[in-house]
Trainee: 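Pasting a structure here, questions to come.
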Protein chains: 2
Amino acid sequence: MDKQTAIQTAFAQAMAATEEIPAKQKQVLAASLALFAEQGFANTTTKEIAERAGVAEGTVYRRYHTKEALLAALLQPVVRQVVPTLMREFAHQVMQQTYPSRRQFLQALLTNRAEFLQGNWREIKILLNEMLVRDDLRATIIQEATPVLRDNLYPLLDHLRQAGELVAWPNDLVSQFLIGTVMTNLLRANLQGDLRTFSRRIPYLVDFLDRGLAPD
Amino acid sequence: MDKQTAIQTAFAQAMAATEEIPAKQKQVLAASLALFAEQGFANTTTKEIAERAGVAEGTVYRRYHTKEALLAALLQPVVRQVVPTLMREFAHQVMQQTYPSRRQFLQALLTNRAEFLQGNWREIKILLNEMLVRDDLRATIIQEATPVLRDNLYPLLDHLRQAGELVAWPNDLVSQFLIGTVMTNLLRANLQGDLRTFSRRIPYLVDFLDRGLAPD
DNA sequence: GCTTAGTATGTGAGTGCTCACTCACTTATA
DNA sequence: TATAAGTGAGTGAGCACTCACATACTAAGC
């Protein structure tokens, strides 16, 4: 699997930047990730993290000196490294196709990228949650995401539109429809605890978007 | 405005059920609503509520004896009374039209109901937030919402489909696309703090959904 | 090979503080 | 005079975070 290794590589790079991490610290990060996703950041205590990680509470604080720093350590690589890298990669992949049709584009987006979203679902859920609650984080995310979309997704859309394959709406609106459709379907599948529902529905999503974004 | 009064009436009814509420208690409810929406339930202290409401902390506890009960008092009427009532009302309204076209249906849904969503946005934001975090609440909401959709929205969709106006997809999938498109656009407009963006975009949403849900 | 010293990692009882919540009391209402 | 509404200092619980100490590992000195 090309995309699989791509995702793993991107993660590995993001992790490598943080040098050697001892086993127990990894357990702390893993436990935090799981608990923040399950219960939310504010509803998770450092005692719970220590318990699930199987370490003493002091260990939780050895590397990251506040609970906030722990959250940042989990979200930062996703926001700053992983998403942009994979976005760019996807852009190249699609651009290489000589005759990009709207349907091909959507198919690629929904299988390739949705798989990635699914793989990082816990981080994304935390992100969603904290964005609703914290003004500063929301501002940061929007600030980070805007140029990533503009530089990687928008050129693809322009390309499609020029080929007479895409409706003449502003790029941010089209992105909104794309991202919104994928996210709400993913969200629902995840809230119901059944991830396979989403995969089964991808053909419908492609159909829906294919019609909805067709030129006049 | 017919819908305006309808919304106000529904609220009045929901409020009337809770009998006479003294002024300071209303201030407490209003302050809680605002703060929960701004900062999230877990990040809001009862001291903050008291301060914003301009009352003593003891007053916060006079009627609702826990912070949880305060949350329930805010969300319960929306979930159990207001939404179902207005949903039913909308259903009747649309059903009365002799020749319901897909476009008419969408137009009505997006202006009429989106206005309601916008009016209750703070409650909905809290609802979204807590659904992501609390398993029990999520289960309750889904349990409450399912029959409301099935009894009020699904018949409309069946009606449209029979008239050859709607794609032959399962009702829950079509609802997903409808609700998802509206909610994500509302969410974005609200996160950016610009509510008018949403109204301005309604024609695009109608177009998008009109194409996306057209029969083969 | 063995000891010693130095450093990174791990520990958990302890600390101060903030939180949700209480209650004896005061003030308005009827 | 009785009942309801409001008050705010107070309380115990639980929270994020600390620190003196224990253990594990590495490298140098003999």
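So you know, we letter chains A, B, ... as the sequences are listed, proteins then strands, and number each from 1. Only a predicted model underlies this, so the values are computations on that prediction, with no experimental measurement involved.
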Trainee: Using whole Å, report how far NZ of A:Lys47 lies from P of D:dA13.
Mentor: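 Result: 14 Å.
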Trainee: Pick out the pairs of N or O atoms, protein on one side and nucleotides 26-30 of chain C on the other, that lie under 3.5 Å.
Mentor:
none

Trainee: Tell me if the side-chain of A:Arg62 makes a donor-acceptor pair with the base of C:dT11, cut-off 3.5 Å, by modelled atom types.
Mentor: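 Answer yes: a donor N or O sits under 3.5 Å from an acceptor.
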Trainee: Quick check: does any side chain N or O of B:Asn190 sit under 3.5 Å from a backbone N or O of B:Leu186, one acting as donor and the other as acceptor?
Mentor: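 Pair found, side chain donor or acceptor close to backbone of B:Leu186.
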Trainee: Got a salt bridge between A:Arg80 and A:Glu144, using NZ or NE/NH1/NH2 to carboxylate O under 4.0 Å?
Mentor: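 Yes, this pair counts.
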Trainee: Anything under 3.5 Å between a protein N or O and an N or O of nucleotides 24-27 of chain D, put it in a table, one pair a line.
Mentor:
none

Trainee: Measure from the side-chain N and O atoms of A:Gln176 to the backbone N and O of B:Thr184, and report whether any donor-acceptor pair falls under 3.5 Å.
Mentor: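 Yes, because the side chain of A:Gln176 sits within donor-acceptor range (under 3.5 Å) of the backbone of B:Thr184.
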Trainee: Return the value, rounded to whole Å, for the distance between atom CD of B:Gln27 and atom P of D:dA5.
Mentor: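 It works out to 15 Å between those atoms.
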Trainee: Got a second to check how far A:Leu117's CG is from A:Leu187's CG, nearest 0.5 Å?
Mentor: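 A:Leu117 CG to A:Leu187 CG: 11.5 Å, rounded to 0.5 Å.
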Trainee: OP1, OP2 of C:dA8 versus side-chain N and O of A:Gln25: anything below 4.0 Å?
Mentor: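 So the side-chain polar atoms of A:Gln25 never come under 4.0 Å of the phosphate oxygens OP1 or OP2 of C:dA8.
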Trainee: Identify which nucleotide among C:dT11, D:dC17, D:dT7 has an atom closest to any side-chain atom of A:Thr46, counting heavy atoms from C-beta outward.
Mentor: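 Side chain of A:Thr46 sits closest to D:dC17.
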Trainee: May I ask you to say what B:Val55 touches in the nucleic acid, namely base, sugar-phosphate or nothing, with a heavy-atom cut-off under 4.0 Å?
Mentor: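 Contact class for B:Val55: sugar-phosphate only.
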Trainee: Among the candidates C:dA20, C:dG12, D:dG8, find the nucleotide nearest to the side-chain atoms of B:Ala56.
Mentor: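 Shortest atom-to-atom distance from the side chain points to D:dG8.
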Trainee: Choose from C:dT11, C:dA20, D:dG6 the nucleotide whose nearest atom is closest to any side-chain atom of B:Pro22.
Mentor: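 When the side chain of B:Pro22 is considered, D:dG6 is the closest of C:dT11, C:dA20, D:dG6.
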Trainee: May I have the distance from A:Ile21 (atom CD1) to C:dA8 (atom P), rounded to whole angstrom?
Mentor: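 Whole-Å distance recorded here is 16 Å.
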Trainee: Roughly, in whole Å, what's the span from NZ in A:Lys67 to C1' in D:dG14?
Mentor: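 Whole-Å distance recorded here is 12 Å.
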Trainee: Whole-Å distance between C:dG10 P and A:Lys24 NZ?
Mentor: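 Nearest whole value for this atom pair: 7 Å.
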Trainee: Among B:Glu38, B:Gln39, B:Lys67, find the residue that satisfies the side chain to side chain donor-acceptor pair (under 3.5 Å) test when tested with B:Thr44.
Mentor: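 Considering B:Glu38, B:Gln39, B:Lys67, a side chain to side chain donor-acceptor pair (under 3.5 Å) with B:Thr44 is found only for B:Gln39.
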Trainee: What is the distance, to the nearest angstrom, from the CD1 atom on A:Ile49 to the P atom on D:dA16?
Mentor: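 Rounded to whole Å, this separation is 8 Å.
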Trainee: Please state how far atom CD in B:Glu57 lies from atom C1' in D:dA5, giving the value in whole angstrom units.
Mentor: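 Rounded to whole Å, this separation is 17 Å.
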Trainee: Are the side chain of B:Asn152 and the backbone of B:Val148 linked by a donor-acceptor contact shorter than 3.5 Å?
Mentor: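 Such a contact is found between B:Asn152 side chain and B:Val148 backbone.
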Trainee: Within the structure shown, what part of the strands sits under 4.0 Å from B:Thr45 by heavy-atom distance: base, sugar-phosphate, or nothing?
Mentor: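 Counting heavy atoms under 4.0 Å across all strands, the contact made by B:Thr45 is with sugar-phosphate only.
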Trainee: Ring-plane angle category for A:Phe105 and A:Phe90, please: parallel below 30°, perpendicular beyond 60°, tilted otherwise.
Mentor: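 The arrangement is tilted - the two ring planes meet at 30° to 60°.
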Trainee: Determine yes or no for a side-chain-to-main-chain donor-acceptor pair under 3.5 angstrom, with A:Gln25 supplying the side chain and A:Pro22 the backbone.
Mentor: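 No, A:Gln25 side chain to A:Pro22 backbone: no donor-acceptor pair under 3.5 Å.
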Trainee: Between D:dA20 atom C1' and A:Tyr61 atom OH, what is the distance in whole Å?
Mentor: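 So the OH-C1' distance, A:Tyr61 to D:dA20, works out to 18 Å.
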Trainee: Need to verify one output field. Residue with the more 5' nearest nucleotide on DNA chain D, B:Gly54 or A:Glu68?
Mentor: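 The residue mapped nearer the 5' terminus is B:Gly54.
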Trainee: Is the backbone N or O of B:Leu166 less than 3.5 Å from a side-chain atom of B:Arg102, with the two atoms forming a donor-acceptor pair by type?
Mentor: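 No; judged by distance alone, with no hydrogens or angles, the pair does not exist.
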Trainee: Shortest non-hydrogen contact from B:Asp194 to B:Arg200?
Mentor: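 Nearest pair, atom of B:Asp194 first, then B:Arg200: OD2-NH2, 3.9 Å.
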